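Here the structure is a predicted model, which is why all the values come from computation and not from measurement.
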Amino acid sequence: MSSPVDTSPGTGSGPTRKLPTRRGTELLMLAFATVIITFALMLVDANQGQELTLSIVWYGLSYLGVFTVAHVAVRYFAPYADPLILPCVALLNGIGLVMIYRIDLASAERAAQQDIAFTPDAPRQVLWTVIALALFLAVLVLIKDHRTLTRYAYTCGLIGFFALALPGLLPASVSEVNGAKVWVRIGPLGLQPGEFAKILLLIFFAAFLVSKRDLFMSAGKRVLGIEWPRPRDLGPIVLATGAALAIFVLLKDLGQALLLFGMVLMLIYVATERAIWIFVGLVPFAAGCVIAYNLFTHVQQRTRNWLDPLATYDEAGGGYQNAQALFGLGTGGVAGTGLGAGRPEMVPLSKTDFIAAAIGEEIGFIGLASVLMVYLILAMRGMRGALAVRDTFGKLLGGGLAFAITMQVFVVVGGVTSLIPMTGMTAPFLSYGGSSLLANYILVALLLRISDAARRPQQGARPRAEQQRTPLSDTGTVMVERPS
């Protein structure tokens with residue numbers, strides 16, 4: 001089923017075997033991910049004293065059915081795409097749903113004790129997942145070749161920068177949450193434009209570097225044994241630095257600025273293979289961070305919380321969240337308390353910014369490391385497709401999309417474990433939130449499209465089939481006449 005045979009007529013005398021599409025492997029891995037998620041849901045209900053019924057099995061089958069639709073779309077519209085990308089996404093999304101449901105149970109119990117109303121978030125996350133998969137299908141159907149995106153590169157860049165800066169231009173009442181202006185709220189609905197802006201800006205920067213690659217390859221004067229770029233070629237990196245710092249100033253959001261600037265540096269390094277560009281970019285960015293630290297009390301507070309969360313534990317906006325996350329990780333230890341047997345609800349924002357702490361508490365270091373391994377596999381398979389694709393734009397775009405996932409996970413988990421200051425970003429596919437799910441499923445659809453182009457056999461003339469040669473012992477004798 002995964003290895004079709006081409007029997008169309010050609011110059012050869014027999015059928016030509018195509019490369020395997022591995023769609024059967026993808027479906028099998030989706031079923032395996034569903035089994036893991038269903039078993040995790042059973043553990044949560046068992047440890048929380050919930051009644052175990054056949055409804056859990058139906059939930060698992062429904063989840064598999066939704067992703068089977070996505071699988072069928074990939075089978076028809078991107079048949080040669082990497083078979084592990086979609087199962088990794090399904091597993092991560094399912095684990096996130098299980099953890100959100102588990103925290104809902106604890107929050108509902110606390111709300112009942114305090115006699116207040118409570119609305120669970122798990123059903124809404126399921127709805128966002130379905131909408132995100134619909135958007136995933138739309139991208140696969142509409143974008144049949146990733147190279148067509150280069151036609152709209154500058155439009156994507158303009159819209160991306162506008163979307164990124166939009167929350168900073170709006171009043172704080174509709175855009176600011178926890179000190180960072182990253183939302184656009186209209187009534188009960190809210191959207192984070194920055195989640196979509198990162199994809200639009202990746203398309204723009206990838207197309208720009210393809211067309212202007214020679215500027216970055218030109219070497220200037222040699223100082224201290226290093227060939228430095230010419231000053232007139234520093235315009236793009238200066239622009240990226242200025243944009244990142246402007247976002248930092250407008251939005252007060254270190255996470256978005258760090259993610260954007262990291263993606264730009266990565267794309268420039270891949271396009272030029274010159275490590276000096278990373279140094280050239282990091283120096284002004286570090287200087288800008290120092291300046292911003294001295295200007296904004298919000299940044300100073302987060303830095304203090306990072307250095308010593310217990311010292312600011314009781315302060316407003318202090319290190320309570322950071323300390324509770326560390327306590328939860330310490331409680332979980334190596335093997336965890338068990339799904340449904342911990343207290344992840346004691347960490348504020350445990351469904352969004354701190355969901356990694358909830359996972360680490362209940363399934364321990366082993367479980368959290370396993371989740372990170374799934375992220376690593378997802379990013380590596382995306383990178384593999386980017387390296388194998390034949391056009392430069394696809395290499396840069398695919399590499400940038402895969403790196404965006406890696407960078408975001410590093411920022412989130414680094415903040416939860418106090419490796420770096422907390423930035424307020426959400427873990428892709430795990431955390432509660434519609435904007436993140438929608439944007440990341442668009443990202444996955446583009447990765448699958450690039451992977452399909454990389455693994456698809458080249459179109460062209462089929463090689464001539466080798467002529468069957470008769471053994472020498474069976475050949476007949478041919479008389480050759482002497483020319484007159």
Heavy-atom closest contact (I56 atom, L52 atom, distance): CD1-CD2, 3.8 Å
Could you pull out the closest heavy-atom pair between R390 and A453, with the gap in Å? NH1-O, 3.1 Å
Quick check on Y313: does its OH atom have over 12 non-hydrogen neighbours (other residues, nucleotides or ligands) under 6.0 Å away? yes
Atom pair CG (L133) and CH2 (W128), whose distance is rounded to the nearest 0.5 Å: 13.5 Å
Tell me if the CD atom of Q114 is crowded by more than 12 foreign heavy atoms within 6.0 Å. yes
Do any N or O atoms from the side chain of N305 and from the backbone of Q301 form a donor-acceptor pair under 3.5 angstrom? yes
Between F161 and L201, is any pair of side-chain heavy atoms under 4.5 Å apart? yes
Give the minimum heavy-atom separation between A402 and G382, together with the two atoms involved. CB-C, 4.1 Å
Rounded to the nearest 0.5 Å, how far apart are CG of N93 and SG of C88? 12.5 Å
Distance-only, no hydrogens or angles: does the D145 side chain make a donor-acceptor pair with backbone N or O of T148 under 3.5 Å? no
For the side chain of S451 and the backbone of D82, is there at least one donor-acceptor N/O pair under 3.5 Å apart? yes
One should read off an interatomic distance between L164 CG and L260 CG, to the nearest 0.5 angstrom, of 6.5 Å
Just do the side-chain contact (heavy atoms from CB on, under 4.5 Å) check on H146 and V389 with the steps written out, would you? CA-CA 11 Å; H146 63 275; V389 77; 3.9 Å; yes
Just how far is it from atom OG1 of T423 to atom CG of L259, taken to the nearest 0.5 Å? 9.5 Å
Take a 6.0 Å sphere around CZ of F162 and say whether it holds more than 12 heavy atoms from other residues, nucleotides or ligands. no
Check whether any side-chain N or O of E362 sits under 3.5 Å from a backbone N or O of G336 as a donor-acceptor pair, and report yes or no. no
Rounded to the nearest 0.5 Å, how far does CG of L401 lie from CG of L448? 11.0 Å
So, the side chain of R102 versus the backbone of G342: is there a donor-acceptor pair under 3.5 Å, distance only? yes
Considering only heavy atoms from C-beta outward, does the side chain of I359 approach that of L430 to under 4.5 Å? yes
Taking it one step at a time, do L446 and L149 satisfy side-chain contact (heavy atoms from CB on, under 4.5 Å)? CA-CA 10 Å; L446 293 176; L149 295 173; 4.1 Å; yes
Do D353 and S431 make a side-chain contact, defined as non-hydrogen atoms from C-beta onward lying under 4.5 Å apart? no
Rounded to the nearest 0.5 Å, how far does CZ of R449 lie from CG of L140? 5.5 Å
For F136 and A70 the tightest heavy-atom approach is CE2-CB, 4.0 Å
Do M422 and F354 have side chains that approach each other closer than 4.5 Å (heavy atoms only, starting at C-beta)? yes
State, yes or no, whether a side-chain contact exists between V66 and T129 at a heavy-atom distance under 4.5 Å. no
So does Y80 get a backbone contact from the side chain of R455, meaning a donor-acceptor N/O pair under 3.5 Å? yes
Got D308 and T312 here, is their nearest side-chain heavy-atom distance under 4.5 Å? no
Where does the angle between the aromatic ring planes of F67 and Y441 fall among parallel (under 30°), tilted (30 to 60°) and perpendicular (over 60°)? tilted
Expected output: side-chain N47 to main-chain L339 donor-acceptor under 3.5 Å: yes
Which heavy-atom pair separates A90 from L30 by the least distance, and what is that distance? CB-CD2, 3.7 Å
Can you tell me if E361 uses its side chain to pair, donor with acceptor, with the backbone of G332 under 3.5 Å? no
Is the backbone N or O of G340 less than 3.5 Å from a side-chain atom of Q48, with the two atoms forming a donor-acceptor pair by type? yes
Any side-chain heavy atom of D45 sitting closer than 4.5 Å to one from L105? yes
Give a yes or no answer on whether the side chain of Q50 reaches the backbone of M42 with a donor-acceptor pair at less than 3.5 Å. no
Side-chain touch L397/I203, heavy atoms, less than 4.5 angstrom: yes
Quick check: are there more than 12 heavy atoms from other residues, nucleotides or ligands sitting under 6.0 Å from CE of M380? no
Do the side chains of K351 and D121 get close enough for a salt bridge, i.e. N-O under 4.0 angstrom? yes
For L326 and S418: C-alpha separation, side-chain torsions, deciding distance, then whether side-chain contact (heavy atoms from CB on, under 4.5 Å) applies. CA-CA 8 Å; L326 294 176; S418 290; 3.7 Å; yes
Audit row: Y63, Y59, ring pair (Phe, Tyr, Trp, His ring centres under 6.0 Å) steps and yes/no: CA-CA 6 Å; Y63 190 77; Y59 291 151; over 10 Å; no
Run the numbers on Y269 and I278 for side-chain contact (heavy atoms from CB on, under 4.5 Å), then give the verdict. CA-CA 7 Å; Y269 173 71; I278 298 179; 4.1 Å; yes
Considering all heavy atoms of both residues, which atom of A358 and which atom of P344 are nearest to each other, and what is their separation? CB-CB, 3.6 Å
